[in-house]
Chemist: 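One structure follows; several queries about it will come next.
Chain identifiers are assigned alphabetically (A, B, ...) following the order of the sequence lines, protein sequences preceding nucleic acid strands; residue numbering begins at 1 within each chain. Please read these numbers as outputs of a predicted model, since none were measured by experiment.
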2 protein chains.
Amino acid sequence: MNELTERQKFILTLVVHEHIRSAAPIGSEHLVKHYQLDISSATVRNEMSALTELGYLRQPHTSAGRVPTEEGYRYFVSRLVQDSELPDTTRRMISHQFYQTRNDVEEWMRLAASVLAHQSRVASLVTAPHPEKARLKHLELISTRGRQVLMVTVTIGGEIHQRIVTVNEPITQELLSTTAHRITNLFEGKSAAEINALRAQLQGLDAEIINWLVEEMNQADSLGAGDIYLDGLTNVLAEPEFSGSEEARRALRLLEERPLLYDLLSRTKTGSGVGGVQVLIGGEGTWDEFRQWSMVLARYGQPGLATGTLGVIGPMRMPYGRAISTVRFLAGIMSDMVTSSLEE
Amino acid sequence: MNELTERQKFILTLVVHEHIRSAAPIGSEHLVKHYQLDISSATVRNEMSALTELGYLRQPHTSAGRVPTEEGYRYFVSRLVQDSELPDTTRRMISHQFYQTRNDVEEWMRLAASVLAHQSRVASLVTAPHPEKARLKHLELISTRGRQVLMVTVTIGGEIHQRIVTVNEPITQELLSTTAHRITNLFEGKSAAEINALRAQLQGLDAEIINWLVEEMNQADSLGAGDIYLDGLTNVLAEPEFSGSEEARRALRLLEERPLLYDLLSRTKTGSGVGGVQVLIGGEGTWDEFRQWSMVLARYGQPGLATGTLGVIGPMRMPYGRAISTVRFLAGIMSDMVTSSLEE
DNA sequence: TTTAGCACTCTCGGCTTTCGAGTGCTAAAA
DNA sequence: TTTTAGCACTCGAAAGCCGAGAGTGCTAAA
């Protein structure tokens with residue numbers, strides 16, 4: 001990538017900022033006046049022309065101002081955006097809110113989504129913290145009626161899965177309890193695959209239950225088990241690029257159709273560790289549906305034990321600086337929360 | 001309420017139908033032509049004029065056709081809508097889908113929301129089946145680390161609540177298990193209030209746990225604990241009354257702000273038993289935010305044991321006949337599902 | 001009581017016009 | 001060589017301006 005001159009970087013930055021602010025194409029004269037530059041508009045025009053040549057800016061039509069291209073945003077985010085932190089008072093306020101909630105993952109997710117949406121003014125999403133491989137912590141069997149049994153599986157991260165299963169013949173709560181106890185002792189800390197490998201020893205009721213257990217844990221492993229919390233959808237509908245009726249519907253469908261999001265997230269999450277903030281601009285070429293969208297994502301949690309993704313999603317014309325610092329901060333907080341809930 | 005003549009009812013019906021179909025004001029000539037009436041447009045005009053006088057129709061402006069008023073819709077729904085059933089093939093298809101799912105309430109709720117949205121072409125919502133008073137079925141205590149204990153509460157309807165609590169001093173899993181067992185035996189089938197009344201006997205760890213348990217069960221009793229499943233939001237954005245950018249945002253906020261929905265649902269649910277379909281038109285005067293909305297709701301489940309609400313929500317200009325029959329049918333199905341999961 | 005006739009109203013879509021922001025180019029100035 | 005002033009040109013957005021058409025209410029006749 002050819003290095004830009006300082007002045008070109010400066011002008012690109014201004015155009016990006018100004019466009020994010022106003023959503024309109026930016027003209028040379030406008031920049032000079034608005035920022036009291038001590039170069040003339042003609043000079044700015046020349047530089048803009050060069051930036052257009054290089055593919056960082058484009059004109060919606062002849063005789064209009066310039067707008068950043070996808071490449072332009074990418075250059076801006078990777079080299080020009082100044083990496084501010086959230087103001088101290090804001091940070092404290094947010095932390096405070098978290099430490100006031102009760103010790104409940106769902107509550108945190110909801111709060112994180114809400115804070116992200118409010119701070120960044122775009123839509124936000126938070127997935128549940130989730131181990132790569134569920135490991136059994138505790139199994140409980142509760143008789144409901146007849147042959148119906150409520151199976152409650154607790155995994156080491158503290159996730160709970162419930163399921164009603166039907167066993168071959170009616171059975172007392174006593175027997176169920178001892179069975180659950182036996183299985184828990186036998187397989188605590190084991191993953192679905194490991195349990196599956198060891199189950200040959202068992203038969204009868206135990207084998208039956210183990211079948212369900214393995215199935216349940218496998219299901220838990222596949223992403224998509226947990227829910228995604230979304231917030232701030234209205235924020236993005238307020239943006240002019242989605243205010244048309246057709247645009248709005250497409251936008252909403254994108255966020256309403258969880259499978260698409262799952263797909264996107266699952267392919268994205270690898271490649272950046274906890275703490276690193278990842279910025280996807282314009283679907284990065286591969287995601288056609290997200291061509292006009294950008295996302296700012298980060299992993300949070302305890303690597304190996306339980307990690308989730310959180311971030312914001314909005315139009316390409318997004319306040320990246322603010323979004324990045326907000327996402328980074330929230331990822332930190334959520335990691336703290338998860339950690340504190342795992343270790344004393 | 002003054003009785004309308006047969007012909008007036010007929011014309012009101014036509015106007016409502018036609019307006020729901022086309023979203024446009026309906027003129028006299030149009031009706032005569034479109035339905036091959038053997039009265040003249042002038043007669044229709046006179047009747048329309050009378051209906052306008054009575055408050056069932058109104059004109060958006062002097063020289064435009066008529067549009068039903070809130071009162072008009074209300075009259076239509078209460079006396080004119082013909083109460084069709086879903087076609088047999090559709091019903092079978094839907095049932096089939098339900099009986100194919102695994103035995104899981106959340107799955108059913110999701111499916112119900114999806115079916116409602118698709119069939120009625122407006123937005124749908126489904127709340128979880130929920131007892132009026134949670135009764136303890138089973139308590140489980142699982143040590144996580146240090147003084148953190150995962151408390152899992154199962155209520156008689158089969159609902160599961162989890163919560164991480166901190167106890168006064170570290171404690172072994174053995175002790176936790178026997179404690180949980182003891183408490184379960186002691187209080188099975190009891191409500192939060194009953195447990196609270198009896199707890200004086202207990203002290204030490206037991207008392208500590210009971211505190212949490214009662215708090216948790218009280219929380220479960222207050223509506224708003226369970227989630228609301230929404231679907232088909234895009235359907236309502238497609239409607240012309242919400243296609244404007246400002247309208248769309250307001251509409252979405254309405255559905256995104258769960259507390260508002262909870263409030264509405266909680267005040268609505270009383271007053272109509274399971275099976276009865278309730279239609280709310282234009283916020284019924286009291287709900288300002290819902291002035292242009294209508295809802296078709298029904299309770300489902302086992303009265304006394306676990307009931308929830310499901311229904312559709314959309315613009316006043318909503319296909320009521322279809323909506324009502326769909327909601328009624330789905331409420332029936334969901335009741336069956338809940339019943340079958342409770343009794344063998 | 002119904003209907004034909006008619007004058008009147010008002011919105012909607014399409015058309016033209018105007019306005020102005022912005023550009024690129026050229027030639028002079030630094 | 002770089003910057004800048006000057007200028008002609010472009011093109012979209014907004015405003016203004018019809019005309020068509022759908023619809024009404026009223027009156028008088030059937």
Chemist: To the nearest 10 degrees, how far apart in direction are the end axes of the helix from C:dT1-D:dA30 to C:dA30-D:dT1, each fit to five base pairs?
Modeler: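 Answer rounded to 10°: the end axes differ by 30°.
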
Chemist: Output all residues satisfying side-chain contact (heavy atoms from CB on, under 4.5 Å) with A:R250, sequence neighbours left out; order by chain, then residue number.
Modeler: A:E246, A:E247, A:Q292

Chemist: Using whole Å, report how far CD of B:Q8 lies from P of C:dT2.
Modeler: 11 Å

Chemist: Take atom CD of A:E47 and atom C1' of D:dT2, then tell me their distance rounded to the nearest Å.
Modeler: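 A:E47 atom CD is separated from D:dT2 atom C1' by 11 Å.
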
Chemist: side-chain hydrogen bond (donor to acceptor under 3.5 Å, both in side chains) with A:H17: which residues, sequence neighbours excluded?
Modeler: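 For A:H17, no residue satisfies side-chain hydrogen bond (donor to acceptor under 3.5 Å, both in side chains) once neighbours in sequence are set aside.
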
Chemist: Please determine whether a side-chain nitrogen or oxygen atom of B:R7 lies at a distance below 4.0 Å from atom OP1 or OP2 of C:dT2.
Modeler: yes

Chemist: Can you name the side-chain hydrogen bond (donor to acceptor under 3.5 Å, both in side chains) partners of B:D38, sequence neighbours left out?
Modeler: none

Chemist: Please list, chain by chain and in numerical order, all residues satisfying side-chain hydrogen bond (donor to acceptor under 3.5 Å, both in side chains) with A:R58, sequence neighbours excluded.
Modeler: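 Partners of A:R58 by the side-chain hydrogen bond (donor to acceptor under 3.5 Å, both in side chains) criterion come out as none, since no residue qualifies.
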
Chemist: Would you say B:T43 places a side-chain N or O within less than 4.0 Å of OP1 or OP2 belonging to C:dT3?
Modeler: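 So the side-chain polar atoms of B:T43 do come within 4.0 Å of the phosphate oxygens OP1 or OP2 of C:dT3, strictly under.
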
Chemist: Atom CG of A:D38 to atom P of D:dT3: distance rounded to whole Å?
Modeler: 12 Å

Chemist: If the condition is side-chain contact (heavy atoms from CB on, under 4.5 Å), which residues does B:R253 pass it with, not counting sequence neighbours?
Modeler: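 Counting only residues at least two positions away or on another chain, B:R253 forms a side-chain contact (heavy atoms from CB on, under 4.5 Å) with A:T234, B:R249, B:E257.
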
Chemist: Rounded to whole Å, please give me the gap between CD in A:E6 and P in D:dT2.
Modeler: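 Interatomic distance, CD of A:E6 to P of D:dT2: 17 Å.
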
Chemist: Under a 4.0 Å threshold between the charged nitrogen and the carboxylate oxygen, would A:E284 count as salt-bridged to A:R74?
Modeler: yes

Chemist: Please give, in whole Å, the distance from C:dT3 P to B:L37 CG?
Modeler: 11 Å

Chemist: Please identify each residue that fulfils side-chain hydrogen bond (donor to acceptor under 3.5 Å, both in side chains) with B:R258, with sequence neighbours left out.
Modeler: none

Chemist: So if I define the base as every atom that isn't primed, P, OP1 or OP2, how would nucleotides 10-30 of chain D read as a B/S/- string at a heavy-atom cutoff under 4.0 Å?
Modeler: BBS----------SBB-----

Chemist: Which residues satisfy the ring-ring contact (aromatic ring centres under 6.0 Å, His included) test with A:H34, sequence neighbours excluded?
Modeler: A:H30

